Amino acid sequence: MKTNTLRIKQVVLPFVLFVVYGCSNKQDVEPIIDPTLNPEVTVTPLGDYSTVTEGDTLEFDITVDALFDQDIDFTAVLDEASVGSSFDFVSEEVTFFAFTSSIRLTVVFLADSFPEVAENVMMRISSEEDPTYNFQLSPISDVEMLNFDLISVNAPDVLSLGAEWPVNDDDWDLYIYDAAGSNVGGTAGATGADPEAIPSVLDNTADDGVYDIVMDPFAVDTEMTTLEVAIATPDGSIQSVMVTIDTEDDEEPVLYGFNHVATLTKSGEVWTLAAVE
């Protein structure tokens with residue numbers, strides 16, 4: 001009889017310990033927090049930003065329906081589908097301090113000399129560059145996505161020439177030569193983040209003929225580079241061509257010791273840009 005009692009205790013005791021341990025563990029599990037209980041953020045544009053021109057300043061008020069208990073940084077972030085570039089604007093992070101109810105964010109679009117057509121920009125105001133990191137915000141927050149055309153400002157009544165490329169650290173220099181082989185314009189010291197531009201190189205009084213556009217790989221580490229060469233003509237129209245240069249290829253077209261990328265033909269008041277194959 002004692003033997004049977006002992007066997008029962010040996011079977012029951014582990015079970016009791018398991019139940020007690022399991023209940024103890026369940027009590028230690030943190031409850032799931034409803035993310036909709038986080039502060040709801042509303043971003044309000046302080047103007048009609050359906051169209052933006054280079055040089056414009058955009059302002060946004062950011063408000064919450066409940067106070068944050070920690071500091072949160074906000075900034076303007078381009079959407080992956082945006083044609084515009086992050087080089088087009090400056091938006092410093094602003095800190096939404098804990099236990100405050102609102103802040104104002106400013107975005108400045110830069111007026112550069114690069115001739116370009118209107119670009120479609122898709123931009124949002126976010127607490128992080130990665131929107132999946134916005135866990136401090138309620139998922140029903142109205143963090144608005146802006147979709148607008150960015151209008152370029154080009155110098156009037158003159159021909160402007162520019163080139164840009166995607167690699168920030170590469171430094172290409174841009175020059176233009178007339179039919180006599182004289183350098184009639186040039187610029188140096190730019191990188192992909194700061195495109196080359198000659199804002200008023202020629203006007204309609206220039207001689208008719210063919211002008212040659214060349215690029216000097218002053219400090220270029222990228223073997224294969226695709227550049228956009230563009231002009232704004234005196235009447236304000238824009239033309240552009242895409243050119244790919246292989247810096248390791250000896251058969252790339254060369255003129256005046258530089259990579260020959262495009263020609264610019266003038267006939268009266270008609271200007272035509274063409275890539276060099």
Side-chain angles (χ1 to χ4, degrees), residues 51-56 83-90 108-121 148-168 170-218 225-245 255-256 258-276:
T51 299
V52 176
T53 301
E54 289 182 342
D56 284 355
V83 176
S85 166
S86 59
F87 303 139
D88 291 331
F89 68 92
V90 174
V108 178
F109 278 85
L110 306 177
D112 56 34
S113 301
F114 184 77
E116 54 195 339
V117 297
E119 298 176 298
N120 181 250
V121 176
F148 55 85
D149 287 331
L150 177 62
I151 308 301
S152 179
V153 176
N154 300 303
D157 304 321
V158 295
L159 183 134
S160 298
L161 171 66
E164 67 176 353
W165 51 95
V167 184
N168 293 359
D170 284 353
D171 183 352
W172 290 87
D173 296 335
L174 173 69
Y175 302 98
I176 182 168
Y177 288 79
D178 63 16
S182 298
N183 185 339
V184 295
T187 183
T191 61
D194 182 20
E196 295 280 7
I198 311 174
S200 54
V201 61
L202 297 167
D203 60 27
N204 283 331
T205 65
D207 293 337
D208 286 359
V210 177
Y211 295 81
D212 294 296
I213 301 169
V214 298
M215 299 288 293
D216 173 22
F218 179 77
T225 301
T226 298
L227 306 104
E228 180 181 9
V229 180
I231 60 169
T233 62
D235 66 4
S237 61
I238 306 293
Q239 300 176 41
S240 67
V241 293
M242 303 300 294
V243 181
T244 299
I245 299 176
L255 187 64
Y256 309 118
F258 306 124
N259 290 98
H260 192 195
V261 294
T263 59
L264 179 61
T265 303
K266 178 181 182 295
S267 177
E269 296 185 0
V270 178
W271 302 80
T272 304
L273 180 68
V276 173

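Atom set for the values below is all heavy atoms of this structure, side chains included, hydrogens, waters and symmetry mates excluded. Model, not experiment: these values are computed from the prediction.
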Q: Kindly check if the number of other-residue, nucleotide or ligand heavy atoms within 6.0 Å of CZ (Phe218) is above 12?
A: no
Exercise. Is the side chain of Asn259 donor-acceptor paired with the backbone N or O of Val261 at a distance under 3.5 Å, no angle test?
Worked result: no
Value for CD (Glu164) from OG (Ser240), rounded to nearest 0.5 Å, stands at 9.5 Å
Side-chain (Asn120) to main-chain (Asp149) donor-acceptor, under 3.5 angstrom:
no
Rounded to the nearest 0.5 angstrom, the CG-CG distance for Leu159 and Asn154 is 10.0 Å
Please check this pair: side chain of Lys266 against backbone of Asp207, looking for a donor-acceptor N/O pair closer than 3.5 Å.
no
- Message: Could you tell me if the side chain of Val121 sits less than 4.5 Å from the side chain of Val52, heavy atoms only?
- Response: no
To the nearest 0.5 Å, atom OH of Tyr256 lies from atom CG of Asp216 at 15.0 Å
Donor + acceptor pair across side chains of Thr244, Thr226 (<3.5 Å)
yes
When rounded to the nearest 0.5 Å, the distance separating CG of Asn204 from CH2 of Trp271 is 6.5 Å
### Any donor-acceptor pair under 3.5 Å from Gln239 side chain to Ile231 backbone
no
> Hey, mind stepping through Val184 and Tyr175 against side-chain contact (heavy atoms from CB on, under 4.5 Å) and telling me if it holds?
Replying inline: CA-CA 8 Å; Val184 295; Tyr175 302 98; over 6 Å; no
Nearest heavy-atom contact between Met215 and Phe258 is O-CB, 3.5 Å
Checklist entry - Would you say the ring centroid of Tyr177 lies under 6.0 angstrom from that of Tyr211? => result no
Scanning both residues in full, the closest heavy-atom pair of Ser160 with Ala155 reads OG-CB, 4.1 Å
Note to self: Assess the residue pair Thr272 and Leu264 against the criterion (side-chain contact (heavy atoms from CB on, under 4.5 Å)); give the C-alpha distance rounded to whole Å, side-chain angles, the decisive distance to 0.1 Å, and a yes or no.
What the structure shows: CA-CA 6 Å; Thr272 304; Leu264 179 61; over 6 Å; no
task: Tell me, with the steps shown, if Trp165 and Thr225 meet side-chain contact (heavy atoms from CB on, under 4.5 Å).
output: CA-CA 7 Å; Trp165 51 95; Thr225 301; 4.0 Å; yes
To the nearest 0.5 Å, atom CZ of Phe89 lies from atom CD of Glu54 at 13.5 Å
Residues Ser237 and Thr233: closest non-hydrogen pair is OG-OG1, 2.6 Å
Taking every heavy atom of Leu273 against every heavy atom of Ala262, the minimum-distance pair comes out as CD1-CB, 4.0 Å
Rounding to 0.5 Å, atoms CG (Asp170) and CG (Leu227) come to a distance of 9.0 Å
When Leu174, Ile176, Val158 are each screened for side chain to side chain contact (heavy atoms under 4.5 Å, CB included) with Val201, the one that passes is Ile176
Shortest non-hydrogen pair, Ile213 vs His260, comes out as O-CD2, 3.4 Å
Heavy atoms of Leu202 and Ala206 approach each other most closely as CD2-CB, 4.1 Å
(request) Any chance you could lay out the side-chain contact (heavy atoms from CB on, under 4.5 Å) test for Leu150 and Asp88, step after step, and finish with the verdict? (result) CA-CA 9 Å; Leu150 177 62; Asp88 291 331; 3.9 Å; yes
